[in-house]
There are 2 protein chains.
Amino acid sequence: MIDTKEKLIDTAERLFADHGYASTSLRQIINKAGVNLAAVHYHFGSKEELLDALVHRKAEAVNRERVERLERLEAEMGGRPLAVEDILHAFFMPTANVAAANPQFVRVMGRIHSEGLMPGIAQKHFHPTAKRFLAALRRALPDLSEAEFAWRVHFMMGAMAHTMCATPFFPVPQDDFHGRMRRLVAFLSAGFRAPAAEH
Amino acid sequence: MIDTKEKLIDTAERLFADHGYASTSLRQIINKAGVNLAAVHYHFGSKEELLDALVHRKAEAVNRERVERLERLEAEMGGRPLAVEDILHAFFMPTANVAAANPQFVRVMGRIHSEGLMPGIAQKHFHPTAKRFLAALRRALPDLSEAEFAWRVHFMMGAMAHTMCATPFFPVPQDDFHGRMRRLVAFLSAGFRAPAAEH
DNA sequence: GTCTATACTGAGATAGAC
DNA sequence: GTCTATCTCAGTATAGAC
């Protein structure tokens, strides 16, 4: 069948979101999708590459909107460095749009994060775009030392991954992803602009 | 043998640090320790509880030093709210001491984080103490709404876990854990004191 | 090219002899 | 307390039908 591949991805997305990546066996997926076990390896090669295909299907839209927003900012400012807030806003808000349109996918990203698969996935699907944002951020914060800047980016990575993906352990309106991102941008902007710790 | 248990924990610590938790099989551990597979299940019950025992052995020292520092601060201030920086400093610095004395263990914690096992471990071994710090932090930031405060704590969790445990993707002096924590405290303190994002 | 049936390897867990 | 033997189930690999 022509769309065995799509059906596998759809089914995997549902099951990964509900039960996690590691806890979902390929046999569960193929049973629900009604195909044979080896079809997975024919189309994808491995369980991991099935996950990769799943992420790739949605990551492109996020990356495209991120770049559009960044380029719009750069055009507005014409050469001058951008504001930290604006850069972070351009980076985080597109994820809120995906979250609204496709909660299933965000739940899978949450699983990816909480199961420790995020570094590989981020590197592969998001890093090329993210590098442009880091360059803009560096220009916006010329007074920080290289080391201080690198560490603050590292802090941001942690807060970001945890916030976009992990379920907070307190009750929260499910659909307020925009608000969550706005709070995150405010918090991180202040952190980035803090005076460097003395040594 | 009386110390089969200790030998298993020691061996597991080495192997978990070097190769990760999931990638280390019980069979590797028992071969290196020179004991039988079933001994693991006799002494610990499961692979997961072996890890638990390993963490428990070191977590107590961290928790004790954290509480001591917090109580010393509270005594100094006698009733008045503490400063955000001081609270965070008291919370993060003890981890730097463990890192210096026992790099092996910190590497295991890094594995725990990057393999997505941190929530469970943190809940079990660190949360009771951490709650006292959250209470102090709340008193230090009375003007934040409950929601804003909860989210900022969430951001901190992400930055913390990522920073204490994850290997940064840039070169960094291995033993500068104190410096890393100081930078983190400065970053987070500024974030906590940022004006709340408007809604 | 697409898929089915089946076999292979290695994981954690367990029952019961000693 | 310890060890042997065995169980179940995972991801993966291959042979061959269509």
Side-chain angles (χ1 to χ4, degrees), chain A residues 1-57 108 111-121 124, chain B residues 1-57 108 111-121 124:
Chain A
M1 209 185 307
I2 177 67
D3 54 349
T4 292
K5 217 174 151 172
E6 282 299 305
K7 190 158 53 176
L8 276 170
I9 297 182
D10 290 339
T11 311
E13 189 170 65
R14 255 264 301 289
L15 291 174
F16 287 165
D18 287 346
H19 311 296
Y21 171 78
S23 299
T24 303
S25 71
L26 290 179
R27 284 165 176 86
Q28 288 176 278
I29 297 171
I30 57 117
N31 281 338
K32 203 136 198 157
V35 303
N36 183 272
L37 178 57
V40 176
H41 291 92
Y42 173 74
H43 285 291
F44 302 100
S46 70
K47 186 185 182 185
E48 198 183 328
E49 286 172 285
L50 165 59
L51 178 65
D52 257 18
L54 189 166
V55 173
H56 181 73
R57 212 169 55 160
V108 176
R111 297 293 192 171
I112 288 174
H113 174 245
S114 71
E115 294 180 47
L117 307 168
M118 192 53 104
I121 294 285
K124 191 161 186 175
Chain B
M1 209 181 313
I2 178 66
D3 54 350
T4 293
K5 219 174 151 173
E6 281 299 305
K7 191 156 56 173
L8 276 170
I9 296 183
D10 289 338
T11 310
E13 188 170 65
R14 256 264 300 290
L15 291 174
F16 288 165
D18 287 346
H19 312 295
Y21 172 77
S23 300
T24 302
S25 70
L26 290 181
R27 284 164 177 84
Q28 289 177 277
I29 297 172
I30 57 116
N31 281 338
K32 203 136 199 158
V35 303
N36 183 271
L37 177 58
V40 177
H41 291 93
Y42 173 74
H43 285 291
F44 302 100
S46 69
K47 186 184 181 185
E48 197 183 329
E49 285 171 287
L50 166 58
L51 178 65
D52 257 18
L54 188 167
V55 173
H56 180 73
R57 213 170 54 159
V108 176
R111 297 292 192 171
I112 288 173
H113 174 246
S114 71
E115 295 180 46
L117 307 168
M118 193 52 105
I121 294 284
K124 190 160 187 174

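Predicted model only: the values in this text are computed from it and were never measured. Just so it is clear: chains get the letters A, B, ... in the order the sequence lines come, proteins before strands, and each one is counted from 1. For the numbers below, each heavy atom of this structure counts, side chains included, while hydrogens, waters and symmetry mates do not.
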Whichever of A:T24 and A:A38 has its nearest DNA chain D nucleotide further upstream toward 5'
A:T24
Quickly work out the B:F44 CZ to D:dG1 C1' distance and round it to whole Å.
14 Å
May I ask you to decide if A:I29's main-chain N or O and A:R14's side chain share a donor-acceptor pair within less than 3.5 Å?
no
Residues at least two apart in sequence or cross-chain that pass salt bridge (Lys or Arg N to Asp or Glu O under 4.0 Å) with B:E115, listed by chain then number, are none
Check every atom of C:dT14, C:dA11, D:dT12 against the side chain of B:R27 and return the nucleotide holding the closest atom.
C:dA11
Do the non-hydrogen side-chain atoms of B:D52 and B:F44 ever get within less than 4.5 Å of each other?
no
Length of the line joining A:N31:CG and C:dT4:P, which is rounded to integer Å:
12 Å
Can any side-chain N or O of B:K47 pair as donor or acceptor with the backbone N or O of B:T24 at less than 3.5 Å?
yes
Starting at atom OH of A:Y42, determine the distance to atom P of D:dT14, rounded to an integer number of angstrom.
16 Å
What's B:V40 touching, base or sugar-phosphate or nothing? Going by heavy atoms closer than 4.0 Å.
nothing
Under 3.5 Å donor-acceptor, A:Y21 side chain and A:V108 backbone:
no
Separation of atom CG in B:N36 from atom P in C:dA13, rounded to whole Å
14 Å
Shortest non-hydrogen separation from B:L15 to B:K32 and the atoms involved:
CD2-CD, 4.2 Å
For the helix from C:dG1-D:dC18 to C:dC18-D:dG1, what angle separates the axis at the start from the axis at the finish, each from five pairs, in steps of 10°?
10°
Distance check needed: C:dG10 P versus B:I30 CD1, whole Å only.
15 Å
Options C:dC3, D:dT12, C:dA13, nucleotide nearest the side-chain atoms of A:T4
C:dC3
Integer-rounded Å distance: C:dG10 C1' and B:I29 CD1
15 Å
Are A:I112 and A:V55 close enough that some pair of their side-chain heavy atoms sits under 4.5 Å apart?
yes
Distance in angstrom units between A:H41 NE2 and D:dT12 C1', rounded
5 Å
Residue-phosphate contact under 4.0 Å: A:H43 side-chain N/O, C:dC3 OP1/OP2:
yes
Would you mind telling me which of D:dG11, D:dC3, C:dA13 lies closest to the side-chain atoms of B:L26?
C:dA13
Within this structure, what is the NZ-to-P distance between A:K47 and C:dG10, rounded to whole angstrom?
19 Å
